[in-house]
Amino acid sequence: MTSVQVDKEHDGTDGAVGGGEGYQRGLGARQIQMIAIGGAIGTGLFLGAGKAIAKAGPSLILAYAIAGLVIFFIMRALGELLMYRPVSGSFAEYAREFIGPFWGFVTGWTYWLFWVVTGITEVTAAATYMTYWWNIPQWISALVFTVILYGANLISVKLFGELEFWFSMVKVTAIIGMILICAGILTIGFSDAGDTASVTHLWDQGGFFPTGIGNTLMTLQIVMFAFLAVELVGVTAGESKDPKTVLPKAINTVPWRIAVFYVGALIMILSVVPWTHFKPGVSPFVAAFEQMGLGVGAAIVNFVVLTAALSSCNSGMYSTGRMLRDLALNGQGPKVFTRLTKNGTPLLGLTFSAALMLVGVWINYVAPGKAFEYVVSFATISGMWAWIMILVCQIRYRAKANRGELPESTFKAPGAPYTSWFALLFIGMVIVMMGIDEGARTALYCAPVWGLILGVAYLVLKSRNPEGAAFAKRS
């Protein structure tokens, strides 16, 4: 058992402190379910899809469907690990156990960096949405949002859970509303788009692959970015009241979430408004309402996509403090990050991460037009690292469980390890596509630099305490 093991005998009472972690179990089933749903709906869909539609046309629907299947394989692999041993900061903890301490170190710090960069991405998107109503500098909105979300996360995990519940509720309601409105336009024919709306738009504007299969493959980076954060459910394990029951239910909602919120929504939007009407940098949801002549609807949707961005940034604030504390508890980060407030909040880790997110304010000041593009690629590559580690750890865990060396999980991934290997190959293909894409290539240049920094840091920490438990391979 590790220093961050969840107390399996915990009775699940509200607000109780869980095991040796010191966190308060303030997240109930209602909040975990919405965190799971909200994790699949973010800026990648609401904003990034505009660029992807312009690049690939209706074939983007197929890209989301295939990538969604891969995401389900990843989440079931994570679910198998979580039911074997639910821990907070799970990805790094599993990497330590099944691959080695160095890989746990790299995974923990990389996932922390992912959420810092994602926070910058999302606050940038939120600032962009604000210009729909007010002509104010983006950096001002970015600063205000960062400060507000930081303050909310300081109070308690319960407040974080409530914010995520309502943020996600707004997103879900909006997408379902959009689908129903589009269905009404297609069947009844109201609005400015009523006379031209038709499912034939999915293939009569140059075909289903109007720009070629190659361009569809090139959108996979944007598609995978849209799904980043679905794994956040795993980070909540140490603070959920009944992880053995709640987490499997949340993970099993992944297929229908993707089918409705991505595939379904895009089919309806592209049936009502031809793909040629969409352009990069503009939310396809907002653009669709404007094309329909529903100006008020466009303003409402812009508010929704604003909450989606703030939701993801809120998740980033939550995750970063927990990941830093997990590293510190395992001797792979500064001990000062182990401290918790009376409310069970990792104050110093949260503050340090929020301070780095202020870099987003600076980026919005010096390059407001390019800010979103600058950080999306790096967020994608760092986020996919967590997925790679989840899959590798699940493959190794399953092999040990099959040999009787470890207890079997109560929530086995179907088709594993073959589904996990398929997911790994798919992620590898996405990375190759990023290398081909000139705009995304910069992230691949940054990845080795980050790896070198982590390698040097690990060697320095190990030289100071070579016999420490943090650097010993776990059996």
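These figures come from a predicted structure and were not determined experimentally. All values below come from the heavy atoms of this structure, side chains included, with hydrogens, waters and symmetry mates left out.
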What heavy-atom pair brings [X] and [Y] nearest, and what distance separates the two atoms?
| X | Y | answer |
| --- | --- | --- |
| Trp115 | Met357 | O-CE, 3.6 Å |
| Trp275 | Ala54 | CZ3-O, 3.7 Å |
| Leu220 | Ala63 | CD2-CB, 4.3 Å |
| Leu324 | Ser353 | CD1-OG, 3.6 Å |
| Ala354 | Tyr150 | CB-CD1, 3.6 Å |
| Ile120 | Leu356 | CD1-O, 4.1 Å |

Residue pair [X] / [Y], side-chain heavy-atom distance below 4.5 Å:
| X | Y | value |
| --- | --- | --- |
| Ser198 | Ser271 | no |
| Phe209 | Asn215 | no |
| Ile66 | Val223 | no |
| Pro248 | Met83 | yes |
| Leu143 | Val123 | no |
| Ile136 | Thr131 | no |
| Leu78 | Gln394 | no |
| Val392 | Trp103 | no |

Give the intermediate values and the outcome of side chain to side chain contact (heavy atoms under 4.5 Å, CB included) for residues Val172 and Phe261. CA-CA 8 Å; Val172 170; Phe261 300 132; 3.8 Å; yes
Report the distance from atom [atom1] of [X] to atom [atom2] of [Y], rounding to the nearest 0.5 Å.
| X | Y | atom1 | atom2 | value |
| --- | --- | --- | --- | --- |
| Gln221 | Ile436 | CD | CD1 | 12.0 Å |
| Ile390 | Ile395 | CD1 | CD1 | 12.0 Å |
| Ile61 | Ile267 | CD1 | CD1 | 5.0 Å |
| Met434 | Ile222 | CE | CD1 | 10.5 Å |
| Thr216 | Met218 | OG1 | CE | 11.0 Å |
| His201 | Leu186 | NE2 | CG | 8.5 Å |

Could you list the residues that satisfy side chain to side chain donor-acceptor pair (under 3.5 Å) with Trp385, not counting sequence neighbours?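 Once residues adjacent in sequence are excluded, the partners of Trp385 under the side chain to side chain donor-acceptor pair (under 3.5 Å) criterion are Thr107.
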Going by the rule side chain to side chain donor-acceptor pair (under 3.5 Å), which residues pair with Trp387 if we only count those two or more places apart in sequence or in a different chain? Glu231
Output all residues satisfying side-chain contact (heavy atoms from CB on, under 4.5 Å) with Pro137, sequence neighbours left out; order by chain, then residue number. Trp139, Ile140
Answer yes or no: is there a donor N or O on one side and an acceptor on the other, between the side chain of [X] and the main chain of [Y], under 3.5 Å?
| X | Y | answer |
| --- | --- | --- |
| Tyr262 | Gly68 | no |
| Thr187 | Ala183 | yes |
| Thr211 | Lys55 | yes |
| Thr419 | Pro414 | yes |
| Tyr397 | Tyr84 | no |
| Arg396 | Phe98 | yes |

Centroid separation Phe114 to Tyr111 less than 6.0 Å: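 Centroid distance Phe114-Tyr111: below 6.0 Å, so yes.
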Between Phe303 and Tyr129, does the ring centre distance come in under 6.0 Å? no
Does atom CH2 of Trp421 have more than 12 heavy-atom neighbours, drawn from other residues, nucleotides or ligands, at distances under 6.0 Å? no
Crowded around Trp450 CH2? As in, over 12 foreign heavy atoms under 6.0 Å?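 Yes.
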Before giving the answer on side chain to side chain contact (heavy atoms under 4.5 Å, CB included), spell out for Leu454 and Thr110 the whole-Å C-alpha distance, their side-chain angles and the decisive distance to 0.1 Å. CA-CA 9 Å; Leu454 290 179; Thr110 300; 3.7 Å; yes
Please determine which of Arg85, Lys412, Arg398 meets the salt bridge (Lys or Arg N to Asp or Glu O under 4.0 Å) test together with Glu80. Arg398
Applying side chain to side chain contact (heavy atoms under 4.5 Å, CB included), run through Thr173 and Met169 and close with a yes or a no. CA-CA 6 Å; Thr173 302; Met169 183 67 76; 4.2 Å; yes
Going by side-chain contact (heavy atoms from CB on, under 4.5 Å), Val170 matches just one of Val304, Ile175, Leu306. Which one? Val304
Could you go through Phe422 and Leu425, starting from their C-alpha distance and side-chain angles, then the distance that decides it, and tell me whether this counts as side chain to side chain contact (heavy atoms under 4.5 Å, CB included)? CA-CA 5 Å; Phe422 173 77; Leu425 289 173; 5.6 Å; no
Ring geometry between Trp109 and Trp112 (parallel below 30°, tilted from 30 to 60°, perpendicular above 60°):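 The rings of Trp112 and Trp109 stand perpendicular, inter-plane angle above 60°.
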